[in-house]
Amino acid sequence: MANHDVLFEPFMLKNVEVKNRIAMAPMNVCFTAPNHIVSRQQIAYYAARAIGGTGLIIIEAVGGSDHDTIKTYEVHNNLMLFYPYQMSGMAELAETIHTFGAKTILQISPGAGRQGSSAYTGIQPVAPSAIPWELHPEMLPRNCQDILMKLAELMGPAHPMSETPREIRPDELEALAHDVGESARLARIAGYDGVELHAPHGYLIHEFLSPRSNKRSDQYGGSLENRARFMLECLKSMRAGVGDDFLLTVRISADEHMPDGFHVEDTIEYCKLAVTEGGADAIHLSDGSYEAMKYFLPDTDGQVVEESARIRKGLKEALGRDIPVICPSVHAPDLAAESVAAGKMDIISQGRALIADPEWANKVREGRVKDIVKCTRCLKGCIGRFVMGLPSRCLVNPEMGQEEYIEKYNTRPVLPLKKRVWFIPSEV
Ligand SMILES: Cc1cc2nc3c(=O)[nH]c(=O)nc-3n(C[C@H](O)[C@H](O)[C@H](O)COP(=O)(O)O)c2cc1C
């Protein structure tokens, strides 16, 4: 068994010290309370992962606007951060995570684009061009076919899985970019350590990056620079919202894995632009989209590792300095330690591995690797229920989704105010 010490070396993400190299990947698991605010269950669920030793918790995609075009997102009752009334739950969540020694980043999204659905809100999805996404059965992870067939049956023929979107207008893009900047500003005030722009997985920004879905002839289409424009406008607006001294990351799929899509060489260019023009401090990778779903939700371990190594190296060669890279879906501790030691990424982010076992980090640190409850990548409890709009569960972790009823997760030590709250008016 490899030595895992490298995973427990602290890392500076800009000015944020993360105590180890283990991040929780953002996952919307349908725990949000009505009106898109943070629920007690959500707080306890994230607390469990912070108590389990995870160094950095990246909160699930949060809608960063109230614009009509983002409404198709409401199907999965995502969190939203746009109005001040959504702040207090957000602040409570950040404070709880900090109490247990982890740092936290809020992932902010300008919308689902053509992967949204009018079935839930009556609003036609928007996209760079009026081209629907395609479901490719050969690109599904195992088990996903069953899950999607069940969904199609429940939704009925009137609501197909994919529908033709409307071409989004430049004034709408401007409004969305403005709004994600406002959302980022609120995230900073709420006490987060950083913000992340959500740009992977075939959602709205990804659709602009992709020559497959972006056939525009205006300033948002054509060249790679034009396709990157909307992502950069969102990043610049977020940077303006949070100021220069605050951590800003962007999540992007390493490769689209589709004909006519973008590939690793393009992603290196997109990341370069995100850093030099958008002001991003670090890159959080993912892979694929709903069209190439087996890359977005891999069946095998470490699928993004080599892409991550190429992108990290390409960025260093292009910019002459290390840009921190976060790589998802490495569940095996040996592979995680070897890959970080080899400089293939700086931090690993874990999604389903932490759903299955919130104590993953503590168990690795304490040499209890054999005690880890392994994710089987079955997708049945997490994404399987998520696509139905149901709160996620986990077939190997019966506590998942029940954290609010478990005392060690639903309480927190009462630390002195100064240790947990960043903002206290000085004149009291
Ligand atoms: C139920 C579920 C919800 C997800 N939601 C998000 C999300 O909100 N934002 C995001 O960037 N990725 C999301 N993902 C992708 C994960 O962050 C991660 O990249 C993916 O699950 C692969 O990593 P893993 O093998 O460790 O699970 C989601 C994945 C799952 C299973």
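Indexing begins at 1, ligand by ligand and atom by atom, following the structure's order. Computed from a predicted model, the values in this text were never measured in an experiment.
Close contacts of ligand 1 with Arg377, meaning ligand atoms under 4.0 Å from a residue heavy atom, involve 25 (O). Close contacts of ligand 1 with Phe296, meaning ligand atoms under 4.0 Å from a residue heavy atom, involve 14 (N), 15 (C), 20 (C), 22 (C). Heavy-atom proximity to Leu297, at under 4.0 Å, picks out these atoms of ligand 1: 21 (O), 29 (C), 31 (C).
Within the 4.5 Å cutoff, no side-chain heavy atoms of Val242 are placed close to those of Arg185.
Between Glu60 and ligand 1, a contact under 3.5 Å exists for no N or O pair. Residue-to-ligand polar distances place Pro26 within reach of ligand 1: an N/O pair is separated by less than 3.5 Å. Considering backbone and side-chain N/O of Gln350, none are found under 3.5 Å from N/O of ligand 1. Not a single N or O atom of Ser349, backbone or side chain, sits closer than 3.5 Å to an N or O atom of ligand 1. Taking distance alone, with nitrogen or oxygen atoms compared against 3.5 Å, Gly351 approaches ligand 1 more closely than that limit. For ligand 1, the polar-atom distance check against Ile383 finds no nitrogen or oxygen pair separated by under 3.5 Å. Looking at Ser392 next to ligand 1, no N or O pair under 3.5 Å apart turns up.
Residue contacts with ligand 1 leave out His284, since none of its heavy atoms falls under 4.0 Å from the ligand.
Under a 4.0 Å N-O distance rule, the pair Lys408/Glu403 does not qualify as a salt bridge. Ion pair Arg212/Glu291 flagged as a salt bridge, since at least one NZ, NE, NH1 or NH2 atom sits closer than 4.0 Å to an Asp/Glu carboxylate oxygen. With salt bridges taken as basic N to acidic carboxylate O contacts below 4.0 Å, none links Arg310 and Glu307.
The aromatic ring centres of His36 and Phe82 sit 6.0 Å or more apart. Here Tyr290 and His201 keep their ring centres 6.0 angstrom or further from each other.
Only the side chain of Ser286 comes within 4.0 Å of ligand 1, counting heavy atoms alone; its backbone N, CA, C and O stay farther away. Counting heavy atoms under 4.0 Å from ligand 1, residue Leu354 does not touch it at all.
In the displayed structure, His67 atom NE2 is contacted under 6.0 Å by more than 12 heavy atoms of other residues, nucleotides or ligands. In this structure, Lys215 places its NZ atom where more than 12 heavy-atom neighbours from other residues, nucleotides or ligands lie under 6.0 Å away.
Glu399 and Tyr45 form no side-chain donor-acceptor contact under 3.5 Å, judged by distance and modelled atom types alone.
Of the options Cys327, Ala23, Ser329, the smallest heavy-atom separation from atom 25 (O) of ligand 1 is shown by Ser329. For atom 19 (O) of ligand 1, the nearest non-hydrogen atom from the set Arg251, Gln107, His198, His201 belongs to Arg251.
Between the side chain of Arg216 and the backbone N or O of Pro128 there is at least one donor-acceptor pair closer than 3.5 Å.
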